[in-house]
Amino acid sequence: MKTDFVAEYNHGLVEEEIQKNWNSTSKFSVKEDKSKKKFYCLSMFPYPSGRLHMGHVRNYTIGDVISRLKRMQGFNVLQPMGWDSFGLPAENAAIQNNVHPATWTNENIDYMRDQLKRLGFAYDWKRELSTCDSSYFRWEQWFFSKLYKNGLVEKKESEVNWDPVDKTVLANEQVIEGRGWRSGALVEKKKIPQWYVKITKYADELLNNLDKLDDWPESVKTMQRNWIGRSEGVLLKFNVHELEGFVEVFTTRPDTLLGVTFLALSPEHPIVEKIARDDNALSLKLKFWKKNDLRETDPNSLEKEGIKLDIKAIHPISGKEIEVWVANFVVSTYGTGAVMSVPAHDQRDWEFAKKYKLPIVEVIEPISPQFCDLEESAFEQKGILKNSGTLDGLSSDEASKQILKLLERSGLGEKKVQYKLRDWLISRQRFWGCPIPILYSKDGSIQIESEKNLPITLPIKEAISGRVKPLADYDEFKNISNADGTTSLRETDTFDTFFESSWYYARYCCFDSTEQMLDERVDYWLPVDVYIGGIEHAVLHLLYARFFNKVMRDEGLVVPDEPFKKLLTQGMVCKETYYRKVGSKIEYFSPEEVETEFDEKGAVFKAYLKKDKQPVVIGSIEKMSKSKKNGVDPEGLIKNYGADTVRLYTMFAAPPEQMLEWSDNAVEGSFRFLRNLWKLTSSVIGFEKLGQPLNYDDLNESQRDLRRKVHQTIKKVTDDYERRYKFNTAIAAIMELYNFTARFNIKNEKDKILFGEAVCTTLQLLHPVVPHITEALWLKLDIAKPIDDSWPVFDPSALTKDVVEIVLQVNGKKRSSIRTKVDLNNEEYEKIAKSDEKISKYIGDQEIKKIIIVPNKLINVVI
RNA sequence: GCCCGGGUGGCGGAAUUGGUAGACGCACCAGACUUAAAAUCUGGCGACCGAAUAGGUCGUGCCGGUUCGAUUCCGGCCCCGGGCACCA
């Protein structure tokens, strides 16, 4: 390094110089190398919203620490970055600011790319991708046509949220209190044909493979299991003479079949809709229920209601006639949209039966005598059959088998596995998305776009006038003239943006392939070794990506069954809030506007606004957000303290999976540490043998202590980074090493050498977290070998001790401690315990029952 | 309601296999330096009793258990965060 550094730590200068060096050598650019072990470290790519927030900084710092460690350990590390650049905010910004979504998006990408570079992440920038580029999404369109040909795609009618003013479908999140979030219009339920991908075909594999994901958090796996929601049961038919047909129901409790006293159909059930056509009263009631949508109301507070239908169903076993009801508590989208009601053994049915005075027949008795009063509630557990004819006395499980056999024989029932998971609705009526490559002929037939016509791009002429409309409004996009003189209509829906993010991890491996979606390079890099991102993607993105991977595997595009070997979900970044209540409204204040007072212990007990000196309420710790005014802009912090300080603090304040509470004071502390590190390292400049192997014979006690501390720290930090992913404790250990080294007295040449070794090791251990300052200092020390060339390895012989401190306990309570030689035998330990002054005082004249010895650690005398 | 997490000083957090609870950092307090302040350095810092830098008692959400010994294991309860939610 040519710059002569001043004695003070100048973060701006250091980071600029070091980054210039990285960029000019494309240091983190990688390619496949079969001679090296690969490591693929991926952080979830951002939506280019405008600027980075602290959540991004945390996410990407975690990834960078892991990547840099693995690089130092000799792995061939791939760490790419890109942009999830299709999506609604661009469309809204476009309409508000009269710019094209692409313009807005690309400006944001440029700004955020600079921010990422300023933070010094070791990305292979040549692989950068943006999902709104046709070079990316053309392969998505190509892959969609594969799915189409394989029957994994279908178009079907479903109910969606429709905004009548904006004339567009809204996602559930965009419906606020029943109104469109932008137009404010009352949202309608509408049935329109939509494209679906049959994720349910992979339900079993998606579920079963979760067991193989040993390095995924249990919570995420549980969430996916619940989302897939597999349950085994029986699908059975109740004949209905009036309809010359039957009602099908799904049950997980066939053992309760003889307790069925009525059927309950959902308000959207086809039979109900059919009857409602000639029944005004019923039709009105259905409309009323629709208005008070069950899905948006607390089920516990919603009163169960129903209407008896004028039809009867025949019990498949007893042959008795039972009533058929429409009931508002039956969900139309699960199972068959109809249930067999067993009021004695299902709480919901019980409540309904009580209200409408329907019969309650007990068919299951508790196994062990336990109090169960059907006047109070239903008995939902398994037990012993009664009132079930020949099945009486059987256990629930045995009875279930028998009933299934009976039903199968009569053709009225069969075994069935039911999932909560539904097929994935992928069409969106939006402009800023990837067009679905489908054509409709005049005769209404559907055709997939031929491969040679891909990519189907968005009409971008509008860039001039800015404002975008739904794709359906662009005639030149929609109307297609075919070679044979006929005309077709193009599909005007675009893909759900989760489509793009479901396969980007694979595309990074062969980012520049113009001929194929994926090529043989994916075999080298996949699967991703560590995937880092927010827990909010636990189900949606992570389930879709797993699904995509399996379909790509079945297409022969990738090899592994699962895309992400380890998943690391980082916690939110939070900060304290301050507010005042003005009437019913809450007004928030940013921490900078607020002054706080401490009590004598240092606890904050009073806060008031700087400008009017009046008190404000100290609120809870919340996720950083604009509305709570508690956000911290990374850019200002980088300017003031440098990227290294920001990186150090975000890693030090909390373990990655936990919530991180932001504290400006503590950031200052991290900066202080780096400044001190700069000073300490400066004192080593010009020392001999820096970064060289040393001779460790004939060390005195204090030299051995220093060396032991160095090697203990290497051991702990390696384990914390690599196995435990606990960067906070790794940094704490390095700080301890720093404190130890700084207090070390240099008295001779050998001291100097060991001191130098300690400082160099500190820099190496810290390098993944704060790469700029450590590399700058390393260069300043003029060590030939690059800092990131190797990872220090601990020397077990350095850890040995001659003397240890032993804790002396009486009845498990610490009473004394003593320094002894290591590895004494039991008699010696006992002797030590008995001869200790304090211990003998506690023993007095009492009898010693036993002595427990943990070698080199603890002696416990039990009296 | 169900399913996951979690509860440790003034605060963020540590204690990895049951073995010295509070590492590391922040805040706070005191001292040094300074005309003064900031910065920096040194020391203190769980609570209580105590003149104490002597000694002791209590202490990891609450109640109980196992153990020589429990923040850690078991049973019951309370609170907080997150997810799902009339899923038959």
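Below, chain A is the first sequence line, B the second, and so on; all start at residue 1.
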Undergrad: Between A70(B) atom P and N811(A) atom CG, what is the distance in whole Å?
TA: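 Spelled out: CG on N811(A) to P on A70(B) is 11 Å.
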Undergrad: Distance alone, cut at 3.5 Å: any donor-acceptor contact between the side chains of N630(A) and T577(A)?
TA: no
Undergrad: Using heavy atoms to find the nearest nucleotide of RNA chain B for V854(A) and K841(A) separately, return the residue whose nucleotide is more 5′.
TA: V854(A)
Undergrad: May I ask you to check whether F498(A) and W424(A) place their ring centres under 6.0 Å from each other?
TA: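 No, ring centres 6.0 Å or more apart.
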Undergrad: Of the listed nucleotides (U16(B), G19(B), A23(B)), which one gets closest to any side-chain atom of I852(A)?
TA: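 Nearest nucleotide to the side chain: G19(B).
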Undergrad: Using the P atoms only, state how far A47(B) lies from U53(B), rounded to an integer number of Å.
TA: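 Taking atom P in both U53(B) and A47(B), they lie 13 Å apart.
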Undergrad: Is the base of C68(B) touched by the side chain of K849(A) through a donor-acceptor pair closer than 3.5 angstrom?
TA: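 A donor-acceptor contact between them is absent.
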Undergrad: Please report, rounded to the nearest Å, how far the P atom of C4(B) is from the CH2 atom of W227(A).
TA: 19 Å
Undergrad: If we take the C1' atom in both G18(B) and U66(B), what is their distance in whole Å?
TA: 12 Å
Undergrad: Between R675(A) and U40(B), does any side-chain N or O lie under 4.0 Å from OP1 or OP2?
TA: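 For U40(B), OP1 or OP2 has a side-chain N or O of R675(A) closer than 4.0 Å.
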Undergrad: The side chain of D720(A) lies closest to which of these nucleotides: G13(B), U16(B), G83(B)?
TA: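 Output: U16(B).
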Undergrad: In the strands shown, is G1(B) matched to any nucleotide by a Watson-Crick or G-U wobble pair with both distances under 3.5 Å, and which?
TA: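 The answer is C84(B), by the H-bond criterion.
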Undergrad: Is a side-chain donor-acceptor pair under 3.5 Å present for E305(A) with W289(A)?
TA: yes
Undergrad: What nucleic acid atoms does G335(A) come within less than 4.0 Å of, heavy atoms only: base, sugar-phosphate, or nothing?
TA: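 Contact class for G335(A): none.
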Undergrad: Say you pick atom P in C84(B) and the same atom in C26(B); how far apart are they, in whole Å?
TA: 39 Å
Undergrad: Do Q418(A) and R230(A) have side-chain N/O donor and acceptor atoms under 3.5 Å apart?
TA: no
Undergrad: Of the nucleotides A88(B), G19(B), C24(B), which one has an atom closest to the side chain of E736(A)?
TA: C24(B)
Undergrad: Has the side chain of N665(A) got a donor or acceptor that lies under 3.5 Å from a partner of the other kind on the base of C26(B)?
TA: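 Donor-acceptor pair under 3.5 Å: no.
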Undergrad: In whole Å, measure the gap between the P atoms of C80(B) and U67(B) for me.
TA: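 Per the computed distance, 35 Å lies between those P atoms.
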Undergrad: In the strands shown, is U57(B) matched to any nucleotide by a Watson-Crick or G-U wobble pair with both distances under 3.5 Å, and which?
TA: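 Across all strands, the one nucleotide that pairs with U57(B) is A47(B).
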Undergrad: Nearest of G13(B), A27(B), G25(B) to any side-chain atom of R672(A)?
TA: A27(B)
Undergrad: Below 4.0 angstrom from OP1 or OP2 of A88(B), is there any side-chain N or O of S231(A)?
TA: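 S231(A) to A88(B) OP1/OP2: side-chain N or O found under 4.0 Å.
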Undergrad: Specify the separation, in whole Å, of atom CD of Q809(A) and atom P of G19(B).
TA: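 Distance check: Q809(A) CD to G19(B) P gives 11 Å.
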Undergrad: If the cut-off is 4.0 Å, is R815(A) near the phosphate of C68(B), judged by side-chain N/O to OP1 or OP2?
TA: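 Checking C68(B) against R815(A), no side-chain N or O comes under 4.0 Å of OP1 or OP2.
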Undergrad: Measuring to OP1 and OP2 of C87(B), would you say a side-chain N or O of K420(A) lies under 4.0 angstrom away?
TA: no
Undergrad: When both hydrogen-bonding distances must be under 3.5 Å and the geometry is Watson-Crick or G-U wobble, what is U40(B) paired with, if anything?
TA: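 Paired with A32(B).
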Undergrad: Using atom C1' in both nucleotides, what's the gap between C77(B) and G22(B) to the nearest angstrom?
TA: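 C77(B) and G22(B) have their C1' atoms separated by 27 Å.
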Undergrad: P655(A) has a side chain; which of C86(B), G13(B), G12(B) sits nearest to it?
TA: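 The nucleotide sitting nearest to the side chain is G13(B).
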Undergrad: Would you mind calling G64(B) syn or anti? Take O4'-C1'-N9-C4 for purines or O4'-C1'-N1-C2 for pyrimidines, and syn is within 90° of 0.
TA: anti
Undergrad: Validate the cation-pi geometry between K237(A) and F246(A): distance from NZ or CZ to the six-membered ring centre under 6.0 Å, angle to the ring axis within 45°.
TA: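 Geometry flag: set, cation within 6.0 Å and 45°.
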Undergrad: How many whole angstroms separate atom CG of L737(A) from atom P of A23(B)?
TA: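 The distance from CG of L737(A) to P of A23(B) comes to 18 Å, rounded to the nearest Å.
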Undergrad: Reckon N728(A) has a side-chain N or O less than 4.0 Å from the OP1 or OP2 of A14(B)?
TA: yes
Undergrad: Which nucleotide, G83(B), G56(B), C58(B), lies nearest any side-chain atom of Y842(A)?
TA: G56(B)
Undergrad: What's the closest nucleotide to the side chain of Q658(A) if the choices are U40(B), A14(B), G25(B)?
TA: A14(B)
Undergrad: Of the candidate nucleotides C11(B), C86(B), U20(B), which contains the atom at the shortest distance from the side chain of K304(A)?
TA: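 That would be C86(B).
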Undergrad: To the nearest angstrom, how far is K857(A) atom NZ from U20(B) atom C1'?
TA: 10 Å
Undergrad: To check you understand the geometry: which heavy-atom pair defines the closest contact between K415(A) and L404(A), and what is its length?
TA: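 Closest approach of K415(A) to L404(A), heavy atoms only: N-CD1, 3.7 Å.
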Undergrad: Considering only heavy atoms and no angle criterion, is a donor-acceptor pair shorter than 3.5 Å present between the side chain of R348(A) and the base of A88(B)?
TA: yes
Undergrad: Would you mind classifying the nucleic acid contact of S817(A) as base, sugar-phosphate or nothing, using non-hydrogen atoms under 4.0 angstrom?
TA: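 If one applies the 4.0 Å heavy-atom cut-off, S817(A) turns out to touch nothing in the nucleic acid.
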Undergrad: Rounding to an integer number of angstrom, what distance separates A52(B) and A14(B) when you compare their P atoms?
TA: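 My reading of the P atoms in A52(B) and A14(B) gives 34 Å.
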Undergrad: State which of U40(B), C86(B), C24(B) makes the closest approach to the side chain of A732(A).
TA: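 Of all the options, the side chain of A732(A) is nearest to C24(B).
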Undergrad: When we call it a touch if two heavy atoms are under 4.0 Å apart, what does R225(A) touch: a base, just sugar-phosphate, or nothing?
TA: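 Here R225(A) touches no strand at all.
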Undergrad: Given atom CD of E576(A) and atom C1' of A27(B), what is their separation to the nearest angstrom?
TA: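 Those two atoms, CD and C1', are 13 Å apart.
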Undergrad: OP1, OP2 of G12(B) versus side-chain N and O of K575(A): anything below 4.0 Å?
TA: no
Undergrad: With a 4.0 Å cut-off on heavy atoms, is M659(A) in touch with a base, just the backbone sugar-phosphate, or nothing at all?
TA: sugar-phosphate
Undergrad: When you compare the side chains of Y829(A) and N856(A), does any donor N or O come within less than 3.5 Å of an acceptor on the partner?
TA: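 There is such a pair between these side chains.
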Undergrad: Reading RNA chain B from 5' onward, which residue's closest nucleotide shows up sooner: Y334(A) or D719(A)?
TA: D719(A)
Undergrad: NZ of K709(A) versus C1' of C24(B): gap in Å, rounded?
TA: 10 Å
Undergrad: Counting side-chain heavy atoms from CB outward, which of G83(B), C24(B), G56(B) is closest to N739(A)?
TA: C24(B)
Undergrad: Which whole-number value in Å describes the distance from I621(A) CD1 to C80(B) P?
TA: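 After rounding, the reported distance stands at 16 Å.
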Undergrad: Without hydrogens or angle criteria, can the side chains of W678(A) and N676(A) be said to hold a donor-acceptor pair below 3.5 Å?
TA: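 Side chains of W678(A) and N676(A): no pair found under 3.5 Å.
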Undergrad: Only pairs with both distances under 3.5 Å count, Watson-Crick or wobble alike; so what is the partner of C11(B) in this structure?
TA: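 Its partner is G25(B).
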Undergrad: Please measure how far the C1' atom in A23(B) lies from the corresponding atom in G81(B), and state the result in whole Å.
TA: 26 Å
Undergrad: Looking only at heavy atoms, which two atoms of P316(A) and L412(A) are closest? And how far apart?
TA: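 Looking at all heavy atoms of both residues, the shortest contact is CB-CD1, 3.7 Å.
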Undergrad: With no angle test and no hydrogens, is the base of U16(B) tied to the side chain of K716(A) by a donor-acceptor pair under 3.5 Å?
TA: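 Under the 3.5 Å cut-off, the side chain and the base do form a donor-acceptor pair.
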Undergrad: With a 3.5 Å cut-off and no angle check, do the side chains of Y649(A) and T61(A) form a donor-acceptor pair?
TA: no
Undergrad: Please measure how far the C1' atom in G61(B) lies from the corresponding atom in C78(B), and state the result in whole Å.
TA: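 Result for the C1' pair: 7 Å, nearest Å.
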